[in-house]
Amino acid sequence: METSFNEGELAFRDQVRAFLHDALPADIQRKTLRGLHLEKEDYVRWQKILYRQGWAAVNWPVEYGGTGWNATQKAIWADECARAGAPEVLPFGMKMVAPVIYSYGSEEQKQRFLPDILASNVWWCQGYSEPNAGSDLASLKTTAVRDGDHYIVNGTKTWTTLAQFADWIFCLVRTGGPEVKNQQAISFLLVDMKSPGITVSPIHTLDGYPEVNEVHFNNVRVPVENRIGEEGRGWTYAKVLLTHERTGIARVPQTRRRLEAARELAAETGDGGPTLLENPAFAQKLAETEIELLALEYTELRTLAAVSTGQAPGPESSILKIKGTEVAQQVDELHVEIAGYYGMPFVPEQFSDGFDGEHIGPGDAAASWLRYFNNRKASIYGGSNEIQKNIICKAVLGLGG
Amino acid sequence: METSFNEGELAFRDQVRAFLHDALPADIQRKTLRGLHLEKEDYVRWQKILYRQGWAAVNWPVEYGGTGWNATQKAIWADECARAGAPEVLPFGMKMVAPVIYSYGSEEQKQRFLPDILASNVWWCQGYSEPNAGSDLASLKTTAVRDGDHYIVNGTKTWTTLAQFADWIFCLVRTGGPEVKNQQAISFLLVDMKSPGITVSPIHTLDGYPEVNEVHFNNVRVPVENRIGEEGRGWTYAKVLLTHERTGIARVPQTRRRLEAARELAAETGDGGPTLLENPAFAQKLAETEIELLALEYTELRTLAAVSTGQAPGPESSILKIKGTEVAQQVDELHVEIAGYYGMPFVPEQFSDGFDGEHIGPGDAAASWLRYFNNRKASIYGGSNEIQKNIICKAVLGLGG
Amino acid sequence: MDFNYSEEQQMLADSVRRFVQQDYDFDSRRQVVDGEDFFSRAHWQTFAELGWLMVPFAEEDGGLGGNAVDLLPVMEEFGKGMVVEPFLPCAVLAGGLLAECGSDTQKAELLPALVEGRLQLAFAFAEPQGRFNLADIDCRATRDGDHYRLNGHKSVVLNGGAAEQLVVAARTGGDRCDREGISLFLVDVESEGVTRRRYKNVDGHGAADIWLRDVRVAEAARLGEEGKALPAIEKMIDRATLAVCAEAVGAMDSALEKTLEYTRTRKQFGRPIASFQALQHRMAEMFIECEQARSMLLMAATQLDANGGVAPRAVSAAKSRIGRAARAVGQEAVQLHGGIGVTDELDVAHLFKRLTAVQYLFGSTNFHTARFMH
Amino acid sequence: MDFNYSEEQQMLADSVRRFVQQDYDFDSRRQVVDGEDFFSRAHWQTFAELGWLMVPFAEEDGGLGGNAVDLLPVMEEFGKGMVVEPFLPCAVLAGGLLAECGSDTQKAELLPALVEGRLQLAFAFAEPQGRFNLADIDCRATRDGDHYRLNGHKSVVLNGGAAEQLVVAARTGGDRCDREGISLFLVDVESEGVTRRRYKNVDGHGAADIWLRDVRVAEAARLGEEGKALPAIEKMIDRATLAVCAEAVGAMDSALEKTLEYTRTRKQFGRPIASFQALQHRMAEMFIECEQARSMLLMAATQLDANGGVAPRAVSAAKSRIGRAARAVGQEAVQLHGGIGVTDELDVAHLFKRLTAVQYLFGSTNFHTARFMH
């Protein structure tokens with residue numbers, strides 16, 4: 001058993017630190033560290049910096065532009081990015097559709113789509129969920145009916161994060177009729193957002209921001225060549241991806257940064273005399289959260305170690321989703337408690353670009369309430385925590401439905 | 001809205017206090033306050049004192065020897081008994097079989113059984129559960145086959161508390177064949193424990209005491225006249241009783257006494273310097289438990305108030321069972337924490353009559369671990385807390401099965 | 001023992017319920033919240049006409065009696081409907097302090113206007129450095145002849161944007177956190193040196209940060225004795241805490257009801273999600289939380305009325321327990337609604353926001369647990 | 001990073017697992033626990049012969065290496081089988097102190113006997129007044145020429161009944177709770193003035209209360225420097241804490257497995273109770289607890305080995321988290337077994353008792369959370 005870094009790993013860490021120190025723009029860093037909304041331009045600017053460094057696609061195979069880093073290097077990278085306040089890579093292009101394309105796409109599709117994803121020239125969004133499907137992906141209603149060398153797509157996708165900026169959307173659509181078994185009726189389609197018949201309507205989340213959208217398809221014509229792999233196998237491609245997506249979802253480095261920020265803030269926050277950090281109940285909750293995060297970190301390391309010895313991350317990785325979101329939400333609540341009364345004012349514009357008034361309250365107290373509200377989604381989206389427990393029951397504990 | 005006592009109620013309380021002060025034997029009080037096992041003789045001695053006072057059967061109708069007290073008086077009585085360290089009335093005769101007898105029994109049965117229960121001449125035990133039935137009473141297997149003016153009873157009852165002392169047992173038995181609908185196949189039978197064919201085998205619970213038993217019936221002949229009410233309606237009688245039994249199950253006075261004891265002990269318990277009561281985490285847990293108990297007390301008062309205005313205690317009273325056992329178990333854990341290392345020694349004989357050695361550890365530290373172990377049963381017996389939640393879902397929230 | 005409302009209290013509850021049902025559906029409320037004042041002046045007039053603004057006051061002050069229990073039916077229904085009109089900060093809190101500490105002259109001048117809906121008040125107590133400690137007052141009132149000069153910064157003053165008069169807690173003596181030396185002053189918001197920054201809170205209620213810079217206030221505008229105001233402040237904050245607990249109980253009942261409705265109709269894997277036992281048991285636990293919260297509310301209300309309005313441990317026990325329940329019920333309601341639960345479009349999301357705010361208003365759950373302990 | 005056991009560690013785990021499966025089924029264990037010594041001398045000889053008693057020691061002390069991680073495979077399997085033989089108090093704890101503080105002479109005299117199974121040791125540290133504070137030592141050792149005289153009372157000394165020699169922590173200077181002034185002494189249990197009250201603990205492990213009354217001990221029997229023993233004590237208690245954490249992880253895995261088995265076969269309302277979703281989700285939560293506990297165990301073990309055996313915050317974080325898991329998993333295992341879960345006849349009830357004991361051994365969950373905080 002061996003968990004400390006060797007010399008090569010330490011050198012790599014220093015290299016990463018130096019790069020982040022030099023390359024990360026100060027304005028982007030400030031927004032990330034303070035938990036403010038990043039604009040599209042912020043994300044793209046940072047991704048392009050990474051692209052020029054050759055570090056845009058940490059998880060891709062080297063042949064398509066990946067870094068070739070091992071699991072330890074990837075963990076170091078994630079940790080240092082979180083510490084430095086680098087924005088997270090938006091997953092839709094880089095982590096979601098790209099692996100499907102390089103795993104199951106045709107040679108032509110790879111050449112057509114991957115370079116633009118790598119260089120952040122194209123913004124992708126995800127079209128899985130539907131208004132009445134939720135975590136039950138197999139009951140999708142959006143149809144794609146073959147018409148010569150096109151599909152005609154009709155239906156509505158929802159919870160589509162940041163679709164307002166997207167150039168392309170990848171969708172699960174129903175290509176089989178009612179006689180086909182549910183899971184074999186679904187195909188994986190790439191759709192140009194500029195296609196006639198697509199409209200996007202924003203959904204405001206609890207923090208007042210239109211973070212997600214409904215995307216409506218009204219007789220949208222999609223060339224058959226935009227289908228990934230075989231017709232009727234879309235669900236299989238998506239599922240493999242969902243399992244692979246589990247590593248990193250624990251979000252340990254990000255949560256640790258916010259936990260440390262909570263400790264620092266609590267030490268500066270008066271509590272009617274002593275500081276909030278000296279309040280026994282607060283301090284106890286902070287310590288318990290820190291301990292839970294430590295456990296989560298090692299659960300993730302165990303999963304990564306299993307991956308590095310060739311085992312695919314199994315359904316045990318559902319723990320990473322459940323605990324990852326639970327601990328992050330606990331940290332959110334520490335920040336809510338720190339903000340106290342100053343969490344209540346709802347002035348979201350003060351956290352946007354161009355606001356030049358005076359903020360209400362100390363630091364970004366009010367932002368922490370918005371973040372708490374917004375982050376309740378974490379245990380719902382991406383396979384709700386209830387669904388994750390079902391997976392554990394079925395696939396790990398052998399408990400039938 | 002009015003919750004304080006009026007003058008008559010205060011006078012009643014004083015009368016109760018004076019009686020308890022004079023009549024409660026010191027040796028019985030000591031055992032109760034220290035959480036030690038009471039012997040059969042202890043229970044009977046105290047019940048006979050109550051009988052002579054006319055206060056043995058608090059809940060019975062006056063015509064059969066009940067006190068005629070209203071809900072407030074009953075609450076005062078329960079509270080004062082707990083404070084004084086009076087043993088609880090064992091429920092099997094007084095609270096379980098007697099109400100069935102006076103509600104559904106024949107005149108002859110009432111005259112034959114009730115006076116001996118009232119005077120504590122006869123010790124009863126309960127035969128509901130069976131080895132494979134658990135909380136699912138409708139799937140009982142013990143059979144009673146008619147043979148002239150007798151039933152021939154065969155089967156096994158389990159979790160029969162203190163059956164080793166019992167003179168009589170009341171049972172649910174299956175009198176209908178497999179063609180009869182489950183709940184209409186069950187009858188309510190009173191059985192003399194001296195009947196040939198009955199054997200009792202003890203089950204040791206976690207505290208090492210044979211608190212419960214299996215009672216085996218091997219061709220036991222029971223006169224038909226010992227059946228309560230109609231054949232096939234036993235389940236109905238038992239169910240009505242189970243609902244009525246819900247008030248008082250919150251056990252607020254008993255839990256409060258143990259909570260106060262925990263506070264006193266913690267104030268005397270060193271914690272490597274300051275006292276345990278000054279330990280922030282312990283003090284916080286104590287306060288939260290106290291608050292939960294206060295909520296439970298008022299939930300019970302609300303239920304009693306509804307009863308006193310003529311509404312039967314509805315399925316909402318399942319809350320009293322769930323929260324009553326949860327809070328009691330929380331208090332058990334406070335005592336476990338107070339005992340520390342001295343909870344570990346397993347010397348149950350030091351808590352029995354006749355032990356004249358020196359106790360291990362301070363006070364009854366070791367008894368508190370045994371009590372914690374034993375009281376895990378509280379959330380299992382008498383309709384497990386899971387079953388209570390099912391009842392709330394079905395009967396209160398209207399959620400189907 | 002009797003936990004039923006009196007006939008008058010029941011009529012009051014019915015009247016508020018009717019208002020909420022008829023005039024305060026989710027869309028109407030949204031318009032109110034998005035309006036200029038963050039509440040509706042027309043609704044406020046209705047409150048006055050229906051006599052609701054008299055509820056917090058004793059009969060001799062022109063009120064209906066002013067028991068703590070009387071607040072429950074009104075606040076519970078407000079909680080169910082997420083009513084944002086400033087009944088709590090204006091009538092219960094600032095009005096309550098006026099009735100408690102004011103001279104006959106002060107009361108005669110202001111209370112009728114308040115009760116008739118013509119006067120908006122707010123109580124400015126919290127400060128940026130003090131969190132929930134009511135004695136942590138750094139705002140200073142220094143004597144200047146027969147006047148005082150006030151200097152300080154007040155945080156998140158509920159109804160502070162709409163108020164015409166402020167009741168300001170300021171220090172005439174002692175240091176931060178001293179119990180002695182705190183006084184109350186009536187301050188006209190138009191006075192020179194008063195600056196306000198108005199905003200809406202996350203729960204749709206209006207509030208403001210208020211800065212006082214050399215604000216000149218006549219001695220006659222002091223409420224009660226100099227330096228002795230803290231007990232009255234604590235008493236009125238406890239009363240307001242009870243009121244917000246009642247509101248939370250109403251909001252929780254509503255959140256549970258909406259969750260039951262939603263899970264009965266929403267289908268997944270071909271079945272209503274309410275048929276999944278794991279979710280059923282969680283809703284049973286929500287129900288238990290609601291009932292335990294209601295019990296604590298009744299406990300604190302009866303204790304307050306039995307003890308002349310002073311029952312700090314009872315109020316803190318209630319706030320602590322109800323805060324825990326509000327957290328659990330609010331979070332579970334959102335989680336069980338799934339994706340739609342985190343959108344601004346659904347009423348349950350707004351119940352969740354209000355249930356978050358009530359956990360911190362007048363002291364967090366931690367604060368009140370600690371206050372109960374000591 | 002590599003979380004797999006080495007080949008040697010894996011062989012060790014296999015060897016202990018075989019022993020538990022073949023010789024330590026529930027009925028055999030019951031006989032051992034009910035026996036005269038509360039453990040089996042024959043089993044102890046087996047432990048010695050299979051080399052398990054060498055595991056805690058460095059090679060130069062005649063051991064196998066003595067890393068913290070090496071303890072894990074042994075203790076985990078012991079936890080699954082609820083093994084009561086005194087490996088932890090005798091070999092890990094008292095033996096560990098001997099190896100850490102003893103002179104070459106002392107080690108040469110005693111360690112071979114221990115490793116060969118011929119010597120039973122116990123470490124007497126806790127006292128009635130001190131709970132979990134290792135510095136709260138009131139037992140006194142006063143100089144008497146080239147001897148000491150020991151006076152004091154030691155609580156719940158694990159293996160204290162079977163031990164032939166005790167390692168006693170006693171004060172040669174300072175006051176209760178001072179970090180300085182604590183020394184260690186080897187005391188023969190046959191010495192004049194030693195009184196023992198032997199008993200079995202709730203988890204079946206043997207223990208004793210021990211009174212020392214003017215017990216005369218030669219200076220040569222002191223382990224290590226006078227008055228400087230606390231750091232070594234803390235180090236060895238931390239190591240024992242890790243060992244008991246490993247035992248708990250094994251016991252939890254076993255409790256979950258038995259619960260899964262039971263709920264799959266036990267029927268209610270015509271269905272296996274494992275098919276009820278509310279119970280399924282609770283078992284999923286038990287699984288998560290088991291996994292988080294295992295992660296903390298590996299964290300603490302690797303931290304200890306990376307820091308020369310001194311990693312108090314890591315050990316306390318692990319003990320705190322594993323204590324919480326032990327509580328949750330133990331209680332849920334009993335609850336999901338229903339009635340049979342609270343009887344002495346079922347193995348899961350005894351797992352529950354041991355999982356309760358491990359929550360308090362070497363400091364409760366609260367104690368270790370606080371130690372992690374400071």
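Residue numbering restarts at 1 for every chain, and letters A, B, ... go by the order of the sequence lines. Please read these numbers as outputs of a predicted model, since none were measured by experiment.
- Residue contact with chain D, scored on non-hydrogen atoms closer than 4.5 Å, involves the side chain of Thr269(B) exclusively.
- Side-chain contact between Glu337(B) and Gln359(D) is absent, with no heavy atoms from C-beta onward closer than 4.5 Å.
- Neither the backbone nor the side chain of Lys389(B) comes within contact range of chain D; no heavy atom of the residue lies under 4.5 Å from a heavy atom of that chain.
- When only modelled atom types and interatomic distance are considered, Glu333(B) and Gln331(D) share a side-chain donor-acceptor pair under 3.5 Å.
- Sequence neighbours left out, the pairs with a member in residues 321-347 of chain B that pass ring-ring contact (aromatic ring centres under 6.0 Å, His included) are Tyr341(B)-Phe132(D).
- For Thr365(D), no part lies under 4.5 angstrom from a heavy atom of chain B.
- Of the atoms belonging to Thr343(D), heavy atoms from both backbone and side chain fall under 4.5 Å from chain B.
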Inset, instruction - Please lay out, stage by stage, how Ile380(B) and Val334(D) fare under the test side-chain contact (heavy atoms from CB on, under 4.5 Å). - result: CA-CA 9 Å; Ile380(B) 295 172; Val334(D) 166; 4.2 Å; yes
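- Counting non-hydrogen atoms of neighbouring residues, nucleotides and ligands closer than 6.0 angstrom, the CZ atom of Arg179(D) reaches no more than 12 such neighbours.
- Contact annotation for Phe362(D): both backbone and side-chain heavy atoms come within less than 4.5 Å of a heavy atom of chain B.
- The residue among Asp136(D), Asn133(D), Val156(D) with the most heavy atom pairs within less than 4.5 Å of chain B is Val156(D).
- Pairs passing the ring-ring contact (aromatic ring centres under 6.0 Å, His included) check and including a residue from residues 330-355 of chain D, sequence neighbours excluded, read Tyr372(B)-Phe352(D), Phe373(B)-Phe352(D), Phe26(D)-His350(D), Tyr262(D)-His337(D).
- Interface remark: Arg282(D) contributes side-chain atoms only to the contact with chain B (heavy atom separation under 4.5 Å).
- In this structure, Ser364(D) OG and Leu276(B) CG are separated by 8.5 Å, a value rounded to the nearest 0.5 Å.
- Neither the backbone nor the side chain of Leu346(D) has a heavy atom closer than 4.5 Å to any heavy atom of chain B.
- Annotation: the span from Asn385(B) atom CG to Gln335(D) atom CD amounts to 6.0 Å, rounded to 0.5 Å.
- Looking at Tyr199(D), the atoms closer than 4.5 Å to chain B (heavy atoms on both sides) all sit in the side chain, from C-beta outward.
- The candidate from Gly208(B), Pro345(B), Gly340(B) with the greatest count of non-hydrogen atom pairs under 4.5 Å with chain D is Pro345(B).
- Heavy-atom pairs under 4.5 Å with chain B were tallied for Gly338(D), Gly204(D), Cys177(D); the largest tally goes to Gly338(D).
- Ranked by heavy-atom pairs under 4.5 Å with chain D, the first of His204(B), Met344(B), Lys377(B) is Met344(B).
- Distance check: Ile203(B) CD1 to Asp344(D) CG gives 11.0 Å after rounding to the nearest 0.5 Å.
- Between Gln268(D) and Glu386(B), every side-chain heavy-atom pair lies at or beyond the 4.5 Å cut-off.
- In this structure, chain D has no heavy atom under 4.5 Å from any part of Pro210(B).
- Per-residue counts of heavy-atom pairs under 4.5 Å with chain B were compared for Ala349(D), Gly339(D), Ala207(D); the largest is that of Gly339(D).
- The closest donor-acceptor contact from the side chain of Gln129(D) to the backbone of Gly270(B) lies at 3.5 Å or more, if one exists at all.
- Ile360(B) and Arg197(D) make their closest contact through CG1-NH1, 3.4 Å (heavy atoms, listed as atom of the first residue, atom of the second, distance).
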Inset, instruction - Evaluate the criterion side-chain contact (heavy atoms from CB on, under 4.5 Å) for residue pair Trp159(B) and Ile340(D); output intermediate values, then yes/no. - result: CA-CA 9 Å; Trp159(B) 314 130; Ile340(D) 201 165; 4.2 Å; yes
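- Between Leu206(B) and Gly341(D), the shortest heavy-atom distance links the atoms CD1-O, 4.3 Å.
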